Each structure stands twice: as C-alpha cells, then as structure tokens.
Amino acid sequence: LYRDKQHRLWVGGNKFLGYFNADGGFQQVEGHDNDVLKTTMVNQILQIDDEHFWIGTRSKGMLEFNLNTSEIRSLDQAWQVDCDGVYFVTDTQDFRIVGCPKKIIRQQKQSGELLVIGATDGLIAQELNEGAFYYDTSRGLYVGTPEGVMLLDVPSMKNRIADVGVVMES
C-alpha cells in the first residue's frame with residue numbers, strides 16, 4: 001500500500017498494480033508495450049516525483065513507472081546492478097534506498113550517484129529480511145537480517161573495498 005502526493009491509494013500484488021481513485025473505483029495500470037507487471041509480484045511502491053514511481057517486484061527487480069506515458073523501465077538494467085527481488089524501498093531527505101536480498105542500493109537524489117553495499121562492506125549478514133526496515137530521521141536506517149538488526153548511518157555508508165572485478169588468491 002502507498003498513498004501518493006495526489007492522495008490516491010496504490011495497491012500492488014500478484015500480477016497487478018493499481019490505485020483507488022477519488023470515487024473509490026479501482027484503476028489498474030498497465031505498462032505501455034510492456035507486460036512486466038502481469039508477470040511478477042509488486043511488493044514495494046514509492047513516488048519519486050509527480051510522474052514517476054519506483055516499483056519493487058519479487059522477481060523483476062526495481063522498475064520505474066512513468067504515470068503519464070505508462071512506460072516502464074528496468075532500473076536494475078539502467079544501474080547495471082543485480083537486484084532480482086526488492087525487499088524494501090524508502091526515501092530520506094537526500095537519498096533513496098533499495099533493499100535487495102544480498103545488498104543495499106543507495107541513490108543520491110541530487111546527483112543520481114549510486115552506492116551498492118554488500119556483506120563485504122560490513123553488513124552483519126549475507127542476506128536481508130524482506131520488508132524488515134524502518135527509517136528514523138534522527139537515528140538512521142534499521143534493517144533486519146537473519147542475524148539481527150543493523151542500524152545504518154545512510155549518509156556515511158561507503159564501500160570497504162573498491163570493486164575491481166577480479167580478486168586472485170593463492
């Protein structure tokens with residue numbers, strides 16, 4: 001469930017996305033030339049601006065839906081990040097944060113710069129728990145894992161080791 005800036009109540013689920021209009025009627029949305037919403041579970045919704053929504057899915061990753069054109073684009077592909085299932089998505093003053101099964105993606109709102117954080121960067125577990133998050137403006141981002149709860153200082157997050165692509169050990 002998500003209430004947008006126009007006060008519509010958005011609902012996502014198994015193979016559908018839509019909203020309740022002012023009259024209480026349900027308006028299902030479909031992607032223009034794209035049936036991806038009919039093939040996956042919609043589990044997260046976040047309005048980015050007046051015409052764009054981020055749609056978190058169970059098997060197709062993070063999508064961006066343009067409300068005016070009904071175009072859908074894969075943010076996973078645009079970002080070149082593997083996030084097959086979205087566990088949470090949230091908004092802070094300066095960042096948007098996406099929780100994937102084994103990583104957290106942070107986008108700086110003003111620049112669009114991405115940071116991808118995983119277990120090698122200090123997360124306490126290899127996996128995250130679906131839907132287990134809470135953002136407190138004074139404390140930070142709480143994220144649940146099978147090993148316990150982490151409290152993350154979102155602006156201070158950084159990679160411990162630069163991703164060089166190849167690591168050799170002897």
Side-chain angles (χ1 to χ4, degrees), residues 1-21 26-32 34-109 112-119 123 125-137 139-146 149-152 154 157:
L1 292 173
Y2 183 82
R3 178 135 348 242
D4 70 11
K5 294 174 185 175
Q6 291 78 28
H7 304 289
R8 294 174 294 206
L9 182 62
W10 286 79
V11 181
N14 190 23
K15 301 179 183 177
F16 78 93
L17 173 68
Y19 60 89
F20 290 96
N21 59 31
F26 184 73
Q27 178 67 46
Q28 186 163 344
V29 299
E30 297 180 9
H32 177 70
N34 190 330
D35 64 355
V36 69
L37 295 176
K38 295 180 183 176
T39 62
T40 189
M41 169 80 80
V42 172
N43 55 4
Q44 301 291 324
I45 304 167
L46 179 69
Q47 186 170 15
I48 301 305
D49 56 36
D50 288 340
E51 59 185 71
H52 294 97
F53 285 79
W54 280 7
I55 309 298
T57 69
R58 173 125 336 133
S59 61
K60 303 290 185 181
M62 182 60 78
L63 307 173
E64 184 176 71
F65 175 71
N66 184 313
L67 187 60
N68 295 335
T69 65
S70 296
E71 290 182 47
I72 297 173
R73 74 178 182 121
S74 169
L75 292 176
D76 292 11
Q77 290 176 1
W79 296 340
Q80 298 179 350
V81 174
D82 180 25
C83 180
D84 55 347
V86 177
Y87 283 5
F88 65 84
V89 59
T90 192
D91 215 6
T92 73
Q93 182 175 343
D94 298 319
F95 302 98
R96 294 183 189 100
I97 304 143
V98 178
C100 303
K102 297 182 183 218
K103 61 185 69 120
I104 295 173
I105 303 168
R106 182 191 76 182
Q107 182 194 50
Q108 209 285 338
K109 287 182 181 179
E113 178 184 357
L114 292 180
L115 175 69
V116 180
I117 299 289
L123 300 183
Q126 293 286 329
E127 295 185 26
L128 305 180
N129 287 344
E130 186 172 2
F133 77 99
Y134 173 74
Y135 182 72
D136 182 318
T137 55
R139 303 280 320 257
L141 178 66
Y142 292 89
V143 178
T145 77
V149 176
M150 301 179 285
L151 174 57
L152 304 174
V154 175
M157 292 188 330

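From a predicted model like this one, the values you see are computed outputs, not experimental measurements.
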Item to complete: Not counting sequence neighbours, list each pair that qualifies as a salt bridge (Lys or Arg N to Asp or Glu O under 4.0 Å) and has a residue in residues 3-19.
Response: Asp4-Arg8

Discussion item. Using every non-hydrogen atom in the two residues, find where Gly85 and Pro101 come nearest and quote the distance to one decimal.
Written reply: O-CD, 2.9 Å

Worksheet item: Under 6.0 Å from the CD atom of Gln80, do we count more than 12 heavy atoms belonging to anything else shown?
Response: no

Worksheet entry | Test log, rule side-chain contact (heavy atoms from CB on, under 4.5 Å), inputs Thr145 and Leu128 | CA-CA 4 Å; Thr145 77; Leu128 305 180; 4.0 Å; yes

Worksheet item: Can you tell me how far CD of Glu64 sits from CZ of Arg73, rounded to the nearest 0.5 angstrom?
Response: 4.5 Å

Worksheet item: How long is the gap from CG on Leu152 to CD1 on Ile117, to the nearest 0.5 Å?
Response: 8.5 Å

Worksheet entry | Heavy atoms from other residues, nucleotides or ligands near CD of Gln126 exceed 12 (cutoff 6.0 Å) | no

Worksheet item: Looking at Glu127 and Pro146, what are the two nearest heavy atoms and their distance?
Response: O-CD, 3.3 Å

Worksheet item: Which word best sums up how the rings of Tyr19 and Trp10 line up, parallel for under 30°, tilted for 30 to 60°, or perpendicular for over 60°?
Response: tilted

Worksheet, complete the sentence: Nearest heavy-atom approach of Ile105 to Cys83 is CD1-CB, 4.3 Å

Worksheet item: Backbone N or O of Asp82 within a donor-acceptor pair of the Asp76 side chain at under 3.5 Å?
Response: no

Discussion item. So, taking the atom named CG in Leu17 and the one named OG1 in Thr40, what distance separates them when rounded to the nearest 0.5 Å?
Written reply: 11.5 Å

Item to complete: Check the pair Val116 / Trp79 against side-chain contact (heavy atoms from CB on, under 4.5 Å), numbers first and verdict last.
Response: CA-CA 10 Å; Val116 180; Trp79 296 340; over 6 Å; no

Worksheet item: Ignoring hydrogens and geometry, is there a side-chain-to-backbone donor-acceptor pair from Tyr2 to Gln47 under 3.5 Å?
Response: yes

Item to complete: Under the side-chain contact (heavy atoms from CB on, under 4.5 Å) rule, what do Thr69 and Glu51 come out as? Steps first, then yes or no, please.
Response: CA-CA 9 Å; Thr69 65; Glu51 59 185 71; over 6 Å; no

Worksheet, complete the sentence: By side-chain hydrogen bond (donor to acceptor under 3.5 Å, both in side chains), Asp91 pairs with (sequence neighbours left out) Lys109

Worksheet entry | CD1-CD1 distance between Ile104 and Ile97, expressed to the nearest 0.5 angstrom | 8.0 Å

Fill in: Note, His52 side chain near Trp54 side chain (heavy atom, < 4.5 Å)
no

Response to the item:
When every non-hydrogen atom of Leu123 is compared with those of Gly118, the smallest separation belongs to CG-O, 3.5 Å

Discussion item. Just by distance, no angles: are the side chains of Glu71 and Asn66 close enough, under 3.5 Å, to form a donor-acceptor pair?
Written reply: no

Worksheet item: Can you tell me how far the CZ atom of Arg106 sits from the OG1 atom of Thr90, to the nearest 0.5 Å?
Response: 14.0 Å

Response to the item:
In this structure, OG of Ser59 is separated from CG of Asn43 (nearest 0.5 Å) by 9.5 Å

Item to complete: Applying ring pair (Phe, Tyr, Trp, His ring centres under 6.0 Å), name anything that partners Phe133, two or more places apart in sequence or on another chain.
Response: Phe88

Worksheet entry | Distance-minimising heavy-atom pair for Asn129 and Tyr87 | C-CD2, 3.7 Å

Fill in: Leu115/Phe95 under side-chain contact (heavy atoms from CB on, under 4.5 Å): CA gap, chis, key distance, verdict
CA-CA 10 Å; Leu115 175 69; Phe95 302 98; over 6 Å; no

Worksheet item: Of all heavy-atom pairs between Phe53 and Leu67, which one has the smallest distance, and what is that distance?
Response: CE1-CD2, 4.1 Å

